[in-house]
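The structure appears right after this line, and notes come after that.
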Amino acid sequence: MRYFLAVAEERNFTRAALRCHVAQPSLSKQIKQMETRLGVKLFERQTRRTRLTKAGRVFEREAKQTLEHSRRAVSVVLAIARQAEKPLNVGISTLTDVPRLHRLVEHAQRSVAGLPTVTRDAYTPELVLGILRGTLDAAIVDLPVRARGLSILPLGSEAITAAVSERHLLASRTSLQLADLAVSPWVLLSRKIDPGRMAMERSVQASGMQVPAIQDAGNLIELLDQVALGTHVALARNSVSRLQRSGVLYKPLADAMQMAYAFLWRMDNRSPRLLALRDAVYAFRQQA
């Protein structure tokens, strides 16, 4: 078909052969074999030029479409091959149990042959933005998340713990209740980085306790610094205890309060590799 189209466009066998980088007798033989196979003449050969027959004009139109589909098929396959070599970019919320969830993603990755991943930690709003912009394929984020076009697969939840100064009057207690914390002002992570902040406040209000004065913290380090100074107590996910800070003690809460986290990806991303990772993460979520 490529030889045929070259002759059809050049209207000359010699120029068509040069264009296709083949000898003219070889090109002429290929065209003759095509005409024999089809049972029609495609060209009217004249002394100085070659013209398409009626059948040739029909064949030209179909041949152009066929070659275009062929090139498109090759491009699609090559794109898939390149995509298969590219690692999946997976985010993990800084507020979750990061070491455990890194192990979970690694475990899931190993269970799916040939599925490289690259992980990075950030706060949930940044991770959500990365998924929407396409710089991340998926992320494990804190709930709730409110954004259109995203799919959410709940993975689990984490208990809330209290952080107090070692000089605080509650420091000697083994465990605490929310009401015990009313004696001091609180420091909580800002709503800008913690989607669960409002849910946490609602749970406190639902318990009948009056929420004390609350100071915002821009990150976990700032939150723990305020606790270490002895002026505030804090509420945070239990995994914050992995951050050992001099002068800060972690106390479990008797009040049942859980903060959920989930696997998040774009609804229109139906990549088999991504969905395989999602399913593996869900399957192994209790084992990491």
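The shortest side-chain heavy-atom distance between Q109 and V90 does not fall under the 4.5 Å cut-off. Counting heavy atoms from C-beta outward, L88 and W265 have side chains that stay 4.5 Å or more apart. The closest side-chain heavy-atom distance from E68 to Q65 is not below 4.5 Å. Counting heavy atoms from C-beta on, the side chains of V141 and Y261 never come closer than 4.5 Å. With contacts defined as side-chain heavy-atom distances shorter than 4.5 Å, the pair C20/R2 qualifies. Looking at heavy atoms from C-beta onward, M209 lies out of side-chain contact with Q177 at the 4.5 angstrom threshold.
Among all heavy-atom pairs drawn from A163 and V248, the shortest one is CB-CG1, 4.1 Å. Shown here for T14 and Q24, the closest heavy-atom pair between the two residues is OG1-OE1, 2.8 Å. Residues E201 and R197 approach most closely at OE2-NE, 2.6 Å, considering heavy atoms. Residues I140 and V105 approach most closely at CD1-CG2, 4.1 Å, considering heavy atoms. Summarising the geometry of A262 relative to I152, their closest heavy-atom pair is CB-CG2, 3.5 Å, with the distance given to 0.1 Å. Shown here for F13 and V7, the closest heavy-atom pair between the two residues is CE1-CG1, 3.8 Å.
Remark: the backbone N or O of S239 is paired with a side-chain donor or acceptor of R242 at under 3.5 angstrom. Within the 3.5 Å criterion, the main-chain N or O of S157 finds no donor-acceptor partner in the side chain of R237. Checked by atom type and distance alone, the side chain of T135 pairs as donor or acceptor with a backbone atom of G130 at under 3.5 Å. Put simply, the side chain of D279 never gets that close to the backbone of A276: no donor and acceptor are under 3.5 Å apart. With R266 contributing its side chain and D137 its backbone, the two residues share no donor-acceptor pair below 3.5 Å. In terms of modelled atom types and a separation under 3.5 Å, the side chain of R273 and the main chain of K86 share a donor-acceptor contact. No donor-acceptor pair under 3.5 Å is formed between the side chain of T119 and the backbone N or O of G91. At distances below 3.5 Å, not a single donor-acceptor pair connects side-chain atoms of Q226 with backbone N or O atoms of A234. Looking at S70, its side chain never comes within 3.5 Å of a backbone N or O of T66 through a donor-acceptor pair. Side-chain atoms of E222 never come within 3.5 Å of backbone atoms of A217 as a donor-acceptor pair (strictly under, hydrogens ignored).
Note on R191 versus D216: no salt bridge recorded, every NZ/NE/NH1/NH2 to OD/OE distance being 4.0 Å or above. Salt bridge absent: E60 and R57 never bring a charged side-chain N and a carboxylate O closer than 4.0 Å.
Cluster membership for L235 and V183, using ILVMFWY side-chain heavy atoms within less than 4.5 angstrom, is shared. Each of L249 and V240 belongs to its own hydrophobic cluster when Ile, Leu, Val, Met, Phe, Trp and Tyr are linked at side-chain heavy-atom distances under 4.5 angstrom. The hydrophobic clustering, which links ILVMFWY residues whose side-chain heavy atoms are closer than 4.5 Å, places Y123 and I92 apart. There is no path of hydrophobic side-chain contacts, each under 4.5 Å, that joins L181 to L189. Residues M259 and I193 fall into different hydrophobic clusters, defined by Ile, Leu, Val, Met, Phe, Trp and Tyr side chains chained together at heavy-atom separations under 4.5 Å.
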Pair S111, F284 - check side chain to side chain contact (heavy atoms under 4.5 Å, CB included), show working. CA-CA 10 Å; S111 73; F284 295 123; 3.4 Å; yes
E158 and L95: side chain to side chain contact (heavy atoms under 4.5 Å, CB included), yes or no, with the steps? CA-CA 10 Å; E158 190 175 349; L95 301 184; over 6 Å; no
Under the side chain to side chain contact (heavy atoms under 4.5 Å, CB included) rule, what do L132 and L150 come out as? Steps first, then yes or no, please. CA-CA 8 Å; L132 292 173; L150 298 177; 3.7 Å; yes
As a quick check of understanding, evaluate salt bridge (charged side-chain N to carboxylate O under 4.0 Å, His left out) for E106 and R103, giving each step before the final call. CA-CA 5 Å; E106 290 170 2; R103 291 194 299 271; over 6 Å; no
Give the C-alpha distance, both sets of side-chain angles, the deciding distance and a yes or no for side chain to side chain contact (heavy atoms under 4.5 Å, CB included) between R173 and H168. CA-CA 10 Å; R173 301 275 292 273; H168 197 278; over 6 Å; no
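For the atom pair CD (E10) and CG (L18), the distance works out to 9.0 Å, reported to the nearest 0.5 Å. The structure places OG1 of T124 at 3.5 Å from CG of D142, a figure rounded to the nearest 0.5 Å. Here M34 contributes atom CE and Y3 contributes atom OH; the two are 10.5 Å apart, rounded to the nearest 0.5 Å. Rounding to the nearest 0.5 Å gives a distance of 8.5 Å between CG of N238 and CG of D97. Note that OG1 of T36 is 11.0 Å distant from CD1 of I31, once rounded to the nearest 0.5 Å. Interatomic distance, S165 OG to R245 CZ, rounded to the nearest 0.5 Å: 9.5 Å.
Other residues, nucleotides and ligands place more than 12 heavy atoms under 6.0 Å from the OH atom of Y250. No more than 12 heavy atoms of other residues, nucleotides or ligands sit less than 6.0 Å from atom NZ of K29.
Aromatic ring orientation, F59 versus F4: perpendicular (interplanar angle above 60°, classes split at 30° and 60°).
When each of L264, V128, N89, V118 is checked for a side-chain contact (heavy atoms from CB on, under 4.5 Å) with L136, only N89 meets the rule.
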